[in-house]
Each structure stands twice: as structure tokens, then as C-alpha cells.
Number of protein chains: 2
Amino acid sequence: MQTKTIDSVAGKKRVILPRAVRRQQLILATMRCISKVGLSSVTMAQVTKEAGLSRGIANLHFERKENLLIETLRFVTDEYNRGQADILNAANFSSASEQLAALVQFQFSRSVTEATKMAVWFAFYGEATSRPTYQKICADSDARAARSVRALFTQLGAMQQAAVNVGAVTDGYIALIDGLWLNLLLAPKKMTRAKAKRVAWTFLEGVFPSIKA
Amino acid sequence: MQTKTIDSVAGKKRVILPRAVRRQQLILATMRCISKVGLSSVTMAQVTKEAGLSRGIANLHFERKENLLIETLRFVTDEYNRGQADILNAANFSSASEQLAALVQFQFSRSVTEATKMAVWFAFYGEATSRPTYQKICADSDARAARSVRALFTQLGAMQQAAVNVGAVTDGYIALIDGLWLNLLLAPKKMTRAKAKRVAWTFLEGVFPSIKA
DNA sequence: GCCGAGAATGAACCCACGTTCATTCTCGGC
DNA sequence: GCCGAGAATGAACGTGGGTTCATTCTCGGC
């Protein structure tokens, strides 16, 4: 009478998996929960249920709830940083403008601007002021992201007729993207990915006229 | 042996004040607490202690904690909107550029960018995804702010040589300001009010060359 | 001066949630 | 096939925190 199912839907059989797999399962479940109920009311019971696992497993793999949350934040920032680095450290672009286009494309890709992920980002941003650990993770991630954007902008600036204040432009671009993400999250009916991309692009064309071609 | 002090520092005497005063006291205390410990770990005990009042008073004036939080959010958004409206609806500016200058000045004024207030803003933004009530208050506030900025930009656009896409520029400007505020909050060591103002101004000069004078 | 309305207090209550841990189960090595 | 390591479970525990409410206090009207 034992139903054979790949994922053991109704099965009572206990499944044992490596630590890394369980940790990721829990982190992903945490993200879904945060976007559903908010960082301030996520409970361990919800997360473990969402992950389809037992109550005590989170403590087994993360010790404390706070650790799970921190790892969730790290997961999201790392993923973004890896994606951005893949583009900005790549050597196989034929021009800086093409690299820039890839960057914008990436920043407003479905994967990055997915509601679940952005909800998590901003939930932690909102708590960062009062939690040194979150603060540090966010600051480090932002700094890393900013550095590589600045490098690209330096290249692009050198190609322009008029002199460009790379520092100010980088700060402005990063703020613009953050603000667009926020809008995308808070008013998805009013701001769309396509619209946001166009706005970003308008900013860039204003600063680096040569990319207009 | 009874020391007469205006604020009855050590006095045991019970003070009775009008509802509106108590409500504001509690709201201000809530803001300080949120910026200190974060929205997700604010407790009624902390807030009432911070306000120098008794445990039960919050429930007396707000019924539930949730109401106090909502009123706190409303307090912050209303204050901002009133300040912005004072500038953008004023008839006593000699030119649109002057009005624009006043807007930027206001948006990066100490009063608006004060750490306490911005922490509150972003704390609620972070929870807005999962709380329809916060979501609505934020969206309404943003929409109102955007409308009046768009009106000013329409005026400014009409003065330029080349045609300006007012919609995209408004969206961009608002996103830029939000992003700069976020930076100001998360990395106050790296981003300063003056720097932020300069970045905003650079954006505006790019879009509306005529204001450069 | 007295009284009623309602503002203010804080001890007590109760529940939700994080954490613990005794027990059960799985798997690989021998 | 047996055994030990450790992964997984979920009932039970303790506590922190929101809410209630009986009581006390203040003030304005008469």
C-alpha cells in the first residue's frame, strides 16, 4: 500500500539529505515567508512548514533564528553580486557600451526584480539601521557593487567629448537603480520592468552621449 | 520637600493632558524606538517607557499596537507631504527654477533626512509588501508627491530648447531621490547631505539645461 | 466643596513563538 | 546483518510581550 512518489508527497518516510541542501531549502522557504508575511512576523513554524520539514530542523542547521535570517540576507546579496560580477568582470564584451547594456539588462531581469527577492532585500534594508550585522552585510554588498560599476563608468567617461564626474555619476546611477527597484516593489502597477529600464537608459544616455548609437 | 519642576522630572504627580498631545507623544516615542531597535522588535513597554508614561496608556489612546504603528507611518508621510506641498503649491516664487531649488533644498534638509525619520520611512517600506495598510499609505503618499513634482517639471520642460519626456524624467527624479535617501541612511559615512544634493542637482541640470544660470 | 467623567496607572493574564531534547529513523562501513 | 554516527522529528517548556481591567487620580461644572 506504499505509494511510490518522487517527492514523497504523502509518504511518511524520513528523508535524509546533506546539510547544504537542507540549509538552502530553509533559506528559500524563509524568503517566501518574508515576502508573504514580512520580516517582522516570520516565525520558525511558518518557515519549517513552508519548507515541508519538521519544527526542530531549523535549529539543527542554523542554531538560532537570527542565523537563518542572516544567512538568508547573505544568500540574496551574494547571488546579486555574483550575477553583477559575471558581467562586469567578463572579458568577452566587444565594447564598454555593450557591457553597460548587459548590466542594465541584468539589473531589471526577472530573476533580480522578482517580487519575492526584492521584498527580502527591502525588508532587511528596513531593519539594517538597528542591526549592525544586517547593516554590515548590506554595506559590503553595496560597496562591492559600486566599485565595479565605477570601473565601467570610468571607461565610458573616457570616451566622451566633455569631462564626466565619474564619482557623482556612479552615486547617481546606483541611487537611481535602488529607487527604481523600490518603485517596482511598492507600485508594480505603476512602474514596470520595461519602464524602469527605459528610465535608467535615459539617465545613461544623458551622461554618456556616445552610447546612443 | 516637593520640587517644583516644569516637566515634573521626579514628580509622582499624575498629569492629565488632552488626547491629541498624548497621541503625539507616543508617536514620537515610537519613532525613536523604531530607529533604535527596528520595527520588528519595538515593544509597547519600550515605547511607553521612552514616552515617560505608563504601560497601559498606549492601549487607551490607540487601542492596539498596530494602530499606533499605522499612525506613526501616517505622521511621517503627512509631515513630508505637507512640507513638499508648502513649496510646490506656493505662488510666491519668482521662477520655476527657484521653486525647484527650494524643493531640492527641502528634500535634503536636516529635518527630512534626519536619521530617526529616515529609519522609520524605510522600516515601513520594508514591511509594506506584506501589509496592505502600510502599502496603501506609502503608495498614496508617493502618488501625491509625484503629482506635484510632475507639475513643476512640466513647467520646467516647457522652457527647454529640446523636448523633454516629463513622465520619464519625473519617475527618474523620484527614484533618484529615494535612492539617495537610502544611501544616506545605510552609508552615512560615504554619502552626505551635501553630496546627495549635488548628485540630484547634476541630474536636474542634465535634464533642464536652462536652470544652470 | 462635591461629584461625575474620563484620563492614567501597572499588576495580572494569556498566548504565541523560539528553543530544547528524548526519541526515532537512515545510511554507510564492516 | 549489525552498529554507530548523526540527521530528523515534534512534544514540551519557558518567556517575552500585547492586552485587559480594577483602581486611583485630576479637573471642570455646579
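Below, chains carry the letters A, B, ... as their sequence lines are ordered, and counting in each starts from 1. Quantities reported herein were computed from a predicted structural model and do not represent experimental measurements.
What separates CG of Leu39(A) from C1' of dC17(C) is a distance of 15 Å, to the nearest Å. Distance, Arg19(A) CZ to dA7(D) P: 7 Å, rounded to whole Å. Across the protein-nucleic acid pair, Ile57(A) atom CD1 and dT23(C) atom P stand 20 Å apart, rounded to whole Å. The nearest whole Å value for the distance from the NZ atom in Lys49(A) to the P atom in dG10(D) is 13 Å. When the P atom of dG10(C) is taken as reference, atom CZ of Arg55(B) falls 11 Å away, rounded to whole Å. Distance Gln46(B) CD to dG17(D) P: 7 Å, rounded to the nearest Å. What separates CD of Glu63(A) from C1' of dG18(C) is a distance of 14 Å, to the nearest Å. Look at NE2 on His61(B): it is 13 Å from P on dG6(C), rounded to the nearest Å.
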Kindly indicate, with the supporting measurements, whether the criterion salt bridge (charged side-chain N to carboxylate O under 4.0 Å, His left out) is fulfilled by Glu114(B) and Arg193(B). CA-CA 10 Å; Glu114(B) 188 185 343; Arg193(B) 262 189 290 273; over 6 Å; no
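Aromatic pair Phe208(A)/Phe203(A): ring centres not closer than 6.0 Å.
A salt bridge is absent between Arg198(A) and Glu205(A): the closest approach of a Lys/Arg side-chain nitrogen to an acidic carboxylate oxygen does not fall below 4.0 angstrom. Remark: Glu79(B) does not engage Arg82(B) in a salt bridge, criterion side-chain N to carboxylate O under 4.0 Å. Ionic pairing of Arg144(A) and Asp140(A) is not present here: no N-O contact between side-chain nitrogen and carboxylate oxygen is shorter than 4.0 angstrom.
In terms of position along DNA chain C, the nucleotide closest to Ser41(A) lies nearer the 5' end than the nucleotide closest to the other residue of the pair Gly56(A) and Ser41(A). DNA chain D is contacted by both Ile16(B) and Ala45(B); Ala45(B) maps to the nucleotide lying nearer its 5′ end (nearest heavy atom per residue). Taking for each of Leu53(B) and Met44(A) the nucleotide of DNA chain C with the nearest heavy atom, the 5'-most of the two is the partner of Leu53(B).
Of all nucleotides present, only dC13(C) satisfies the Watson-Crick or G-U wobble test against dG18(D), with each distance under 3.5 Å. Using the Watson-Crick or G-U wobble rule with both distances under 3.5 Å, dG1(D) pairs with dC30(C). Pair assignment for dA22(C) gives dT9(D), based on Watson-Crick or G-U wobble hydrogen-bonding distances that are each under 3.5 Å.
Note on Val47(B): nothing from the nucleic acid sits closer than 4.0 angstrom, heavy atoms only. Counting non-hydrogen atoms under 4.0 angstrom, Val21(B) reaches nothing in the nucleic acid.
A donor-acceptor contact under 3.5 Å is not formed by the side chain of Arg14(A) with the base of dT9(D).
At least one side-chain nitrogen or oxygen of Arg22(B) sits closer than 4.0 Å to the OP1 or OP2 atom of dA8(C). Phosphate contact (OP1/OP2 of dT19(D), side-chain N/O of Arg64(B), threshold under 4.0 Å): present.
Listed nucleotides: dT9(C), dA8(D), dC17(C). Nearest to the side chain of Thr43(A): dC17(C).
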